[in-house]
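Below: one structure, written as structure tokens.
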Amino acid sequence: MSLKLTSYKGTRDLYPVDMAERRYIFDGWRVIATRYGYKEYMAPLLEPVEIYAAKSGAEIVNEQTYSFTDRGGRQMVIRPEMTPSITRMVAARRQEMSMPARLYSIANFMRYERPQHGREREFWQLNLDVFGIDNIYAELEIINMSWDVLGYFGATADMFTIRVNDRRLTDFIMRDYLGLNDDQTMCMIKLLDRYDKMPRATFDEAASEILGGDQGLIDRLNAVISVETLDDLPAEIRDNQVTAPLRDLLGKLQLQGLTNVVYSVRLMRGFDYYTGIVFEVFDEAPENRRAMFGGGRYDGLVGLFGVEPLPVAGVAPGETTFREFLLAHNLMPDFSDSCGPNITILPIGGSDTLDAATDVADELRGSGLNVTVDYTGRKADKQTKAAVKNKAGWLIYIGDDELADEVMTIKNVGTGKQDKVPAVELVSYFYAKLDEQLDSLLMDKVGEEE
RNA sequence: GCGUCUGUAGCUCAGUUGGUUAGAGCGCUGGAUUGUGGCUCCGGAGGUCGCAGGUUCGAGUCCUGUUAGACGCCCCA
């Protein structure tokens, strides 16, 4: 009976190449968050169950979280999301924090769900939240960041669409325009959320049932579900003040040249804690069309902690769907040849050369260079082959001759050229080479810009 | 919780109507070459054919169950 080789269901093993891809994504996220003045925080991996129960249904928390009882009898949960935690943190310093507070984190979460395309049990998310701005500029900033977070990696407007809606407008349509009660509204929102997933006939049938077969209401519903812009809405909705925030936001985004932002009357984002504008970023890759991530305004949560309420807008891109977006649009660099140290020392003589290699490695490392040593004692060709495969930039051969002469043989893997360098000049040799590399990199960069 | 598809070497796969000891390429590893990489040649390791039952003289192959994975549904904070 041997141990299993596979990782736990819904989790991923990240080998160096995978990790390089993750680092690439996270580093880009940090650049954009920082560029907008957001500061990084971190919350605990575990939270008491109550913090989620207030917001999500008890059912969801019980069935879809990893939870356990600690030794003190407390019901604890591995965080399934960041919003309650950061809300708690901000609420705890409600009086002393200067507003607006712009905060971000990149963290992992766990949900006990069936893994499928784009969904894992353990996943990482960038959480961006701005606290303390009650006007539309908060949403504007969040959507701009969502755009830039993709644009930073080379995404262009044709690769994705940002769909925007307003919870208050949806409520108006459900209650005032259609005259639905709470239950009907809830069912209708759920139904609209799945509109694109079902055949039209199925939708019509379900809608008719919710509306009690009232043909007048069905006609009114049909008049709104297929509109593409705010202006296409029936006059009694279009001319109501409830459309003002969306109109304002869309106008501002248009002025900024964000051509791929559209109004979507069917966008629902579940119906948890959002109180105003909601939006979703859609991948338009033909083989990958679906919602990547979303966000919106949630003004009601801070107050749940018993402090003066605060308006909040946020967005949370997930690594899983983000990675697939980059792959689908050919935006992920190839990291398969970018791991490994710069310099590999190959001792190819007696055991003396192993000791000498260790000393040389120590000296170079002391000067800030990345160095590894092949201690296998294999023949020179095997050592060379392994080092090249590991993407070493330079090889230092230390054999009996080098030891005797105190001169090292250095090979540039890229060019195949070799130099004989006195042992005492090794460090300055490599720094001169690094300078050359930097210069040529700068030249390339200048060349690109021209 | 429900459904569909897929499990043969580390990877990609072959394996005839059920028939001896289960194969190939790549990868890994050693040698040809007691001191130099991407070629070439020769060797080696690595498989209870996902697991368990059943049918059969005989099962990688057929049947049943089960498990794991992928993808959908439900859900998606």
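Throughout, protein chains are lettered first and strands after them, A, B, ... in sequence-line order, and every chain is numbered starting at 1. Worth saying up front: this structure is predicted, and the values here are computed from it rather than measured.
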Categorize Gln125(A) for me: base, sugar-phosphate, or nothing, with a 4.0 angstrom heavy-atom threshold over every strand shown. nothing

Counting only side-chain nitrogens and oxygens, does Lys9(A) get under 4.0 Å of the OP1 or OP2 atom of G69(B)? yes

Checking Gln125(A) against Phe109(A) for the side-chain contact (heavy atoms from CB on, under 4.5 Å) test, could you report, in this order, the C-alpha distance in whole Å, the side-chain angles of both residues, the deciding distance, and whether it holds? CA-CA 8 Å; Gln125(A) 276 186 349; Phe109(A) 306 91; 3.6 Å; yes

Arg88(A) CZ to A77(B) P, straight-line distance once rounded to whole Å: 21 Å

Can you tell me, in whole Å, how much space there is between the C1' of C62(B) and that of A68(B)? 23 Å

Closest approach to the side chain of Lys197(A), judged atom by atom: which nucleotide of G35(B), U29(B), C73(B) is it? C73(B)

Please determine if a side-chain N or O atom of Lys391(A) lies less than 4.0 Å away from the OP1 or OP2 oxygen of G37(B). no

For the pair made of CG in Asp405(A) and P in G35(B), what is the distance, rounded to whole Å? 16 Å

Without decimals, in angstroms, what is the distance between Asn288(A) CG and C71(B) P? 11 Å

Integer-rounded Å distance: G30(B) C1' and Lys379(A) NZ: 8 Å

So, is Gln116(A) close to the G72(B) phosphate, meaning a side-chain N or O under 4.0 Å from OP1 or OP2? yes

The salt bridge (charged side-chain N to carboxylate O under 4.0 Å, His left out) partners of Arg200(A) (sequence neighbours excluded) come to Asp204(A)

Which whole number of Å gives the distance between the P atom of U40(B) and that of A45(B)? 23 Å

side-chain hydrogen bond (donor to acceptor under 3.5 Å, both in side chains) contacts in which one or both residues fall within residues 421-434 of chain A, not counting sequence neighbours: Asp419(A)-Tyr429(A)

Considering only heavy atoms and no angle criterion, is a donor-acceptor pair shorter than 3.5 Å present between the side chain of Arg119(A) and the base of C75(B)? yes

With a 4.0 Å cut-off, would you call Glu141(A) and Arg102(A) a salt bridge? yes

Would you measure the distance from the C1' atom in U48(B) across to the matching atom in A9(B) and give it in whole Å? 14 Å

Between U16(B) and U61(B) - C1' atom distance, rounded Å: 11 Å

Sugar-phosphate only, base, or nothing, as touched by Gly416(A) at under 4.0 Å among non-hydrogen atoms: base

Does the separation of the ring centres of Trp147(A) and Phe160(A) fall below 6.0 angstrom? yes

Do side-chain atoms of Asp299(A) reach the backbone of Val312(A) as a donor and acceptor pair under 3.5 angstrom? yes

Grab the CD1-P distance between Ile189(A) and C76(B) for me, whole Å please. 12 Å

Between Ala386(A) and Thr415(A), who's closer to the 5' end of RNA chain B by nearest nucleotide? Ala386(A)

Say you pick atom C1' in A59(B) and the same atom in G37(B); how far apart are they, in whole Å? 48 Å

For the side chain to side chain contact (heavy atoms under 4.5 Å, CB included) test, which of Met159(A), Arg290(A), Arg289(A) pairs with Glu284(A)? Arg289(A)

Got a salt bridge between Arg121(A) and Glu113(A), using NZ or NE/NH1/NH2 to carboxylate O under 4.0 Å? no

Both Thr384(A) and Arg111(A) contact RNA chain B. Taking the nearest nucleotide for each, which residue is further toward the 5' end? Thr384(A)

With C1' as the reference atom in both, quote the distance from C49(B) to U8(B) in angstrom, rounded to an integer. 4 Å

Could you tell me whether Arg79(A) contacts a base, only the sugar-phosphate backbone, or nothing, with contacts defined as non-hydrogen atoms closer than 4.0 Å? nothing

Are Lys190(A) and C75(B) close enough that a side-chain N or O sits under 4.0 Å from OP1 or OP2? yes

Using whole Å, report how far OH of Tyr15(A) lies from P of C11(B). 10 Å

Taking the P atom of each, how far is A77(B) from U4(B), in whole Å? 28 Å

Where RNA chain B forms runs of at least three Watson-Crick or G-U pairs (i with j, i+1 with j-1, under 3.5 Å), the stems are B:1-7 with B:67-73, B:10-13 with B:23-26, B:28-32 with B:40-44, B:50-54 with B:62-66

Could you give the distance separating A22(B) and G35(B) at their P atoms, to the nearest angstrom? 41 Å

Tyr274(A) and Tyr298(A) aromatic ring geometry - parallel, tilted or perpendicular at 30°/60° bounds: perpendicular

At under 4.0 Å between heavy atoms, what does Lys411(A) touch on the DNA or RNA strands: base, sugar-phosphate, or nothing? base

Identify whether any heavy atom of Gln418(A) sits under 4.0 Å from a base atom; if not, whether one sits that close to sugar-phosphate; answer base, sugar-phosphate or nothing. base

Whole-Å gap separating P (G3(B)) and CZ (Arg114(A)): 10 Å

Gap between atoms NZ and P, on Lys385(A) and U29(B) respectively (whole Å): 8 Å

Which of these nucleotides, A77(B), C75(B), G35(B), is closest to any side-chain atom of Glu402(A)? G35(B)

Kindly point out which of C73(B), G72(B), A70(B) is positioned nearest to the side chain of His117(A)? G72(B)

Between G1(B) and Glu113(A), counting only base atoms on the nucleotide and side-chain atoms on the residue, is there a donor-acceptor pair under 3.5 Å? no

For Ser85(A), answer base if it contacts any base atom (sugar-phosphate contacts may also be present), sugar-phosphate if it contacts only those atoms, and nothing otherwise; contact means non-hydrogen atoms under 4.0 Å. nothing

Are a donor atom and an acceptor atom from the side chains of Gln64(A) and Tyr112(A) found within less than 3.5 Å of each other? no

